[in-house]
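Here is the structure we will look at, set down as structure tokens.
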Amino acid sequence: MELPIDSLIAAARQAAVLAYAPCTGRQGGAALLAEDGRIFAAGNLEIVNFASSVCAVKAALVKACSEGARRFVALAVAGAGPDTPYPCGDCLQALAEFAPGLLIIAETSPTQAVPLAALLPDAFGHD
């Protein structure tokens with residue numbers, strides 16, 4: 001499958017526009033490409049109690065799982081500022097549950113897909 005990089009980044013950018021970030025103003029978006037070609041996008045959700053907040057990546061993963069998707073090929077992330085081009089460790093671990101071979105694309109460097117394992121080399125597993 002050829003990666004629809006432009007479509008993924010566009011979906012992540014649109015999700016960032018719709019994100020809820022009243023505390024920091026840093027709206028982030030993520031678009032997750034399922035193995036069957038569907039794209040699931042979501043923005044971050046900031047709550048005053050930051051422990052209750054949800055990252056865009058985790059929101060997209062929950063959205064995908066709630067629609068029955070369990071296998072993923074790529075993820076695009078957008079927004080939230082130039083210093084946060086990749087998902088946090090918690091989100092990377094959640095993604096590793098479903099797609100250890102996932103490719104991650106940041107809007108800041110769309111031609112450079114980075115394997116999840118390069119960002120989280122020692123992910124926890126079920127084995």
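Annotation: side-chain contact (heavy atoms from CB on, under 4.5 Å) contacts of V17 (sequence neighbours excluded): none. Partners of P22 by side-chain contact (heavy atoms from CB on, under 4.5 Å), not counting sequence neighbours, listed by chain and number: Y20, E46. Among residues two or more places apart in sequence or in another chain, the side-chain contact (heavy atoms from CB on, under 4.5 Å) test is passed with P115 by L103, A118.
For the residue pair L95 and L102, the shortest heavy atom distance occurs at CD1-CD2, 3.8 Å. When every heavy atom of A42 is checked against every heavy atom of A60, the shortest pair comes out as CB-N, 3.5 Å. Closest approach of G28 to N44, counting heavy atoms only: N-OD1, 2.7 Å. Closest heavy-atom contact between P87 and L92: O-CD1, 3.7 Å. Nearest heavy atoms, Q93 versus A123: OE1-CA, 3.5 Å.
In this structure, the separation between SG on C91 and CG on L120 is 11.0 Å, given to the nearest 0.5 Å. The SG atom of C88 sits 11.5 Å away from the CG atom of L119 when rounded to the nearest 0.5 Å. The CD1 atom of I39 lies 4.5 Å from the CG atom of L8; values are rounded to the nearest 0.5 Å.
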Using atom types as modelled, flag every donor-acceptor pair under 3.5 Å from a side chain in residues 104-111 to any protein atom, sequence neighbours excluded.
unit_1	atom_1	unit_2	atom_2	d
E107	OE1	R13	NE	2.7
E107	OE1	R13	NH2	3.4
E107	OE2	G79	N	2.6

Could you list the donor-acceptor pairs under 3.5 angstrom formed between side-chain atoms of residues 63-78 and any protein atom two or more places apart in sequence or on another chain?
unit_1	atom_1	unit_2	atom_2	d
K63	NZ	A41	O	2.9
S66	OG	V62	O	3.4
S66	OG	K63	O	2.8
R70	NH1	C65	O	2.8
R71	NE	E35	OE1	3.1
R71	NE	E35	OE2	3.4

Mind listing the side-chain donor-acceptor pairs of residues 50-57 below 3.5 Å, one per line with the distance, residues two or more places apart or on another chain?
unit_1	atom_1	unit_2	atom_2	d
S52	OG	N49	ND2	3.4
S53	OG	I47	N	2.9
S53	OG	I47	O	3.4
S53	OG	F50	O	3.4

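Taking the side chain as every heavy atom from C-beta outward, K58 and D90 approach each other to under 4.5 Å.
Cluster annotation: I9 is not connected to Y86 through the hydrophobic network of ILVMFWY side chains, with a link wherever side-chain heavy atoms come within less than 4.5 Å.
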